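Taking it in order: structure first as structure tokens, then the write-up.
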Amino acid sequence: MHTIDMDLVEMTLDVMKYTIDRISNVTPELGSPKREADLLELVGETITPMGIGGENAFRLFRDVLVKATVPIDHPRHLAFVPAAPTRAAIMFDLVTSASSIHGAYWMEGAGGIFCENQAMKWLVELTGLPKGSFGVFTSGGTAANLSAMVAAREEWRSRDVNNIGHKGLLLTSNGAHSSVQAMARVMDADLIMIDCDGDFLTGKELQQAINELEDKDRKRLFAVVATGGTTNAGIIDDLEGIANTCQKEKVWLHVDCAYGGGALAATSVRHLFNGIEKADSITIDPHKWLFSPYDCGAVIYKNMELAANAHSQKGAYLEIFKDEGAQGFNPSDYQIQLTRRVRGMPLWFSLAMHGTEKYRKAIERGIELAKIAAEKIKQRPYLELVRPSSLSVVLFRRKNWTPENYRDWTYKNHREGLALVTPTKWKSNGEYETISRFCFINPDTTEADIDMILDTMA
Ligand SMILES: *Cc1c(COP(=O)(O)O)cnc(C)c1O
């Protein structure tokens, strides 16, 4: 299987040609899902005792299967949180695979982990956290949030033997990402969501919520999760006020910036994150707004020792690192995963190649596109802005449309290969309304793209 043969050479050429064509194509075909039975009928069973051959398998992928996926970097894919990995990062993702680096321990991964740490140093600088703070790359925001929340819970338990064996409690806002709730379930912690009525959570509201806790619950409170850019609306909590409340109450503050974290590099909005430098931990997803391919998240801690206390794995077969060169940073000590891809390497290469200034500009462009879209919405009599654009998110309504109208419009645009823009829900005056939402990431999205989409709502 590993010997070089002519088939392998041909297959390699096919794969490289496809890769280069794909990353040079700025408007890839907007594919859409098909039923599994239909896909099976189109390609047949692909796993057989003798194999179907690389050329054949690749052809099935290229001609059929990839067309049943939505390219998330399409300039008119403005749904959920799209992505726009740089070409440099994608090419280096291939290099990362080809290099077969185990990213758990310095002993095996030193050179690769060095690259990751260079990129991480820049991320940590963006947060303004004090010296000694650092982080690791994870599979995404969910894993980063879980790693941070577990570190907080373990710190709380280590403070007082009475906390051992008790279920912990988390406080967050109802703008928090669904993964916060899901990960609270994974770690069997209770979660209270503070309703901040479509706005950001303030330190005062947090203080009030803490004051209202029963004594037994106050004792269980081990962390507050604030959001640095809600996924639905781009809203940033009052991090300064929240940090002060957490400091006063001696509660761990985790700031989830999985989506918004890239904007820490954007001078025009950096002040909105003031107070983040007081956090105990922070989540940032480079695969969202830092132009990395999937998957790449990051968790950053103010106190690395507390993270290691929670996550460092001890195993008989893991204790041979005596060589001096093997002494170094072990990413597996600071998050939930042991064996790991050095998934920060594509980000490192792209940052090293382009410089941080290009990143700043590309992120500012997303914010600018959201402002431009908001203006265009205001100019159209059939549309209404729901709230001013926030980071790179725009919420707007088509007057007189029902939820079904939004749904049909989404499917029609997708079917025709024009765009993917999905509806969302927004609560105002206590009621949920279906509205439309843009989220800009790709700096190659043009004003003409925005016009084209808005025109289909007329
Ligand atoms: C996307 C997102 C997450 C989840 O991150 P994944 O990378 O999808 O696991 C968590 N929090 C926020 C605010 C997000 O936007």
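Values in this document were obtained by computation on a predicted structure and should not be read as measured data. All ligand and atom numbering here is 1-based and tracks the order in the structure. Computed from heavy atoms alone, side chains included, the values below leave out hydrogens, waters and symmetry copies.
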For G140, the atoms of ligand 1 under 4.0 Å from one of its heavy atoms are 7 (O), 9 (O)
One finds that the ligand 1 atoms under 4.0 Å from a non-hydrogen atom of H287 are 7 (O)
For atom 11 (N) of ligand 1, the closest protein heavy atom turns out to be D256 OD2, 2.6 Å
* Could you tell me whether a side-chain N or O of R87 sits under 3.5 Å from a main-chain N or O of I23, the two making a donor and an acceptor? => yes
key: Electrostatic pair R380:D451 at N-O distance under 4.0 angstrom   = yes
- Message: Looking at Q207 and T245, would you say the former's side chain and the latter's main chain have a donor-acceptor pair under 3.5 Å?
- Response: no
Rounded to the nearest 0.5 Å, the OG1 atom of T339 sits from the CD atom of E108 at a distance of 8.5 Å
ask   = Just checking, is any N or O donor in the side chain of T402 or N405 under 3.5 Å from an acceptor N or O on the other one?
value = yes
Ligand 1 to D285, heavy atom cutoff 4.0 Å, flagged ligand atoms 5 (O), 6 (P), 7 (O)
With heavy atoms and a 4.0 Å threshold, my read on which part of N145 contacts ligand 1 is side chain
Separation between CG (L129) and NZ (K302), nearest 0.5 Å, reads 7.0 Å
TODO: May I ask whether G297 places a heavy atom under 4.0 Å from ligand 1?
DONE: no
Nearest non-hydrogen protein atom to atom 4 (C) of ligand 1, with distance, is H177 CE1, 3.4 Å
- request: May I ask you to decide if G234's main-chain N or O and T230's side chain share a donor-acceptor pair within less than 3.5 Å?
  value: yes
Looking only at non-hydrogen atoms, the one of T230, V225, T138, T142 nearest atom 8 (O) of ligand 1 is T142
min-distance protein heavy atom vs atom 6 (P) of ligand 1 -> G141 N, 3.3 Å
Here the atoms of ligand 1 under 4.0 Å from any heavy atom belonging to K288 are 1 (C), 2 (C), 3 (C), 4 (C), 5 (O), 14 (C), 15 (O)
Restricting to heavy atoms, the pick from G234, A258, C296 nearest atom 12 (C) of ligand 1 would be A258
d(R415 CZ, S32 OG) to nearest 0.5 Å is 9.5 Å
So the atoms of ligand 1 within less than 4.0 Å of a heavy atom of T231 turn out to be 12 (C), 13 (C), 14 (C), 15 (O)
